[in-house]
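I have placed the structure first, in the form of structure tokens, so that the comments after it can refer back to it.
Lettering follows sequence order; numbering is per chain, from 1.
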2 protein chains.
Amino acid sequence: MEALETRELRYFVAVAEELHFGRAAERLGMAQPPLSRAIQKLERRLGVCLLERDRRGVRLTGAGQVLLHEGRAALDATAAAARRTRRSGGTDRPDASRERLVIAVKAAASHDLLRRLLDAYAAEPDAAEVEVLAGGFNEQEQMLRDGRADVALLIVPFHSLAGFDSEELSTEGRIAVVPARHPLAARDALSMADISDVPDLPIARWPRHGTYAPGPGPEVRDHTQLAQLIALGRTMAVLPDSARTWLWHEHAAVPLIDAPPVSTHIAWPAHSRSLALASLIRTATRLIPDTAPTH
Amino acid sequence: MEALETRELRYFVAVAEELHFGRAAERLGMAQPPLSRAIQKLERRLGVCLLERDRRGVRLTGAGQVLLHEGRAALDATAAAARRTRRSGGTDRPDASRERLVIAVKAAASHDLLRRLLDAYAAEPDAAEVEVLAGGFNEQEQMLRDGRADVALLIVPFHSLAGFDSEELSTEGRIAVVPARHPLAARDALSMADISDVPDLPIARWPRHGTYAPGPGPEVRDHTQLAQLIALGRTMAVLPDSARTWLWHEHAAVPLIDAPPVSTHIAWPAHSRSLALASLIRTATRLIPDTAPTH
DNA sequence: CTGCGCTCATACCTGACAGGTATCACAGGA
DNA sequence: TCCTGTGATACCTGTCAGGTATGAGCGCAG
């Protein structure tokens, strides 16, 4: 009953994600044969068949799916342990309260919420230094899980709060952002049914967990790109109310009456013991009445 | 930036817990010198000082405390990955729904709650086999964290729900259990102040996370031992209401008016994807109205 | 049918490193 | 002062992770 090593997990996750030993080996920067051997050894040690190999590739068994999930979580926890330890390294003796916090936010989104939070926190007597880590579309959750961040502003239908503690900071409705000259721009309100299948205006798609969902709309990577495609009349998008702040003249925003609302949460690892973090969260919760008067 | 290996984490946690290289090495079944070297290497790799060694022992630095915490979580996650994968191994092809669930409960506590849960679940059409894992005083939380169990009945002031999803199943008040012939047994109600400092009846202590809190009372390991010591007039204990079911004739139970209530929760890993588990939880939540009519 | 190409598995070798033993350096207590 | 108990250092060795070369099974084009 030898313990599972991090290296083995890394190997297995790579193979399970690529479903191809050669590509996985390349990604890991090693040759294919030792990778094959390592996986075989892992299967023998666990006494379980993880992969079904046949000539045209590899598929996960049930146990393989379990290990992929649990293994990712374990790798995240391990990476988080290393990162958080390293980060707290400077804090050694010099000044016990010289803690540094890293907050992950989606670039540009929740901008004024973040500003108010940082301002209010900086006014606290015991405020630690806060580093703002702006990530791509949906990276914040992963940053929190693997220790690149200590706390994050997560947007709820897009991120999962599973395993985190969190407080809701604000909720907002959604708007459809359409080209200003498109007929839909004239409407006072829209429903999802109105927009889900417009032939000349497919809904833009952006990556979730690194991959794009299938669909007719164009694939976008950032807001600028999206804004431009909308302005050109090629696509539309469903966005939170607060996106109005960066709309262009060529854009029109129409409220969506039946889209699930999006809410911004401040989230942190459930087991965190950092005093500076606790203080930041206390500050954040005091902001709530200003942000979401309905409560 | 090499990745942190499970072995290194195991070593560090052992040293951090023992605060003694020799004992830690013994616990790990290895010699002391390689352990010392491994920790040094770890410190160099992380670029952080984890331990302050001086001649009469070892102390944790701030970074060391962080790594102890985060490392334990990572080791738990890794062990959980191995255990849950192994467990799902039999489930491979034969019959996809042949999943097995392991539920951790405190032996004897929550007994009828558990019985009703298992009965109700067994009546479900898609019920999986459920193995009941009875543990010691406060082991259930750890069992859930390291994958020995898939779900647990946790008792809330004693266990932390951090990182789990959970549902409250019942809440109960607390009683002081005293020897029947002791003067306190005659009272109708007691407050914490009444019992916290009775010279001839110190409150019994039991292990929390493997160690005993300091105090005057005797150390006990199980209910039988506790019951006997109370019957002998040597100690008293604060227990949930439901403990009345196993009291002896020589015991008396007096309600405590100001003790925080204890509640039983069903808890499971927040990231779980098991269908069988979801079904069990649905069954459990349907039990709530019977158990806690206030809702 | 045959040969090529694409898989993953096997055979075999080698170097790094985990771990063992012996010993040192250093501090505190008799 | 020496003895005891701590962690660190020196040095050796066996194991095993990882590399290269090659095999083996199957699909597919011709």
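Protein atom CD of A:Glu5 is 13 Å distant from nucleotide atom P of D:dC16, rounded to whole Å. We find that CD of B:Glu26 is positioned 17 Å from C1' of C:dG19, with the value rounded to whole Å. The distance between atom CD of B:Glu8 and atom P of C:dA18, rounded to the nearest whole Å, is 8 Å. Atom pair B:Glu18:CD and D:dG5:C1' shows a separation of 16 Å (rounding to whole Å applied). Taking atom CZ of B:Arg23 as the reference point, atom P of D:dG5 lies 13 Å away to the nearest angstrom. Rounded to whole angstrom, the span from the CE atom of B:Met30 across to the P atom of D:dT13 amounts to 19 Å. When the P atom of C:dA18 is taken as reference, atom CD of B:Gln32 falls 17 Å away, rounded to whole Å. When rounded to the nearest whole Å, the span between CD1 of A:Ile39 and P of C:dT10 equals 14 Å.
With respect to A:Arg148 and A:Glu141, no salt bridge is recorded, no charged nitrogen being found less than 4.0 Å from a carboxylate O. Between B:Lys106 and B:Glu139 there is no salt bridge, since no side-chain nitrogen of the basic residue lies less than 4.0 Å from a carboxylate oxygen of the acidic one. The residues A:Arg87 and A:Asp150 are annotated as salt-bridged, a charged nitrogen and a carboxylate oxygen being separated by less than 4.0 angstrom.
Judged as a side-chain contact (heavy atoms from CB on, under 4.5 Å), and not counting sequence neighbours, the contacts of B:Arg234 are B:Leu229, B:Leu232.
Between A:Ser36 and the phosphate of C:dC8, there is no side-chain N or O to OP1/OP2 separation shorter than 4.0 Å. Listed pair B:His20 / D:dG5 fails the phosphate criterion, with no side-chain N or O lying under 4.0 Å from OP1 or OP2. Taking only side-chain nitrogens and oxygens, B:Arg53 comes nearer than 4.0 Å to OP1 or OP2 of D:dA8.
If you find the closest nucleotide of DNA chain C to B:Arg7 and to A:Gln40, the one lying nearer the 5' end belongs to A:Gln40.
Using modelled atom types and a 3.5 Å distance limit, the side chains of A:Thr78 and A:Thr6 yield no donor-acceptor pair.
Closest to the side chain of B:Pro33, from the set D:dT9, C:dA9, D:dT20, is D:dT9. Listed candidates were D:dG18, C:dA9, C:dG20. Nearest to the side chain of A:Phe21 is C:dA9. The side chain of B:Ala31 has C:dG20 as its nearest neighbour among D:dA8, C:dA9, C:dG20. Minimum atom distance to the side chain of A:Tyr11 is reached by D:dG18, of the listed C:dG19, D:dG18, D:dG7. Minimum atom distance to the side chain of A:Lys41 is reached by D:dC16, of the listed D:dC16, D:dG18, D:dG7.
A donor-acceptor contact under 3.5 Å links the side chain of A:Arg37 to the base of D:dG19.
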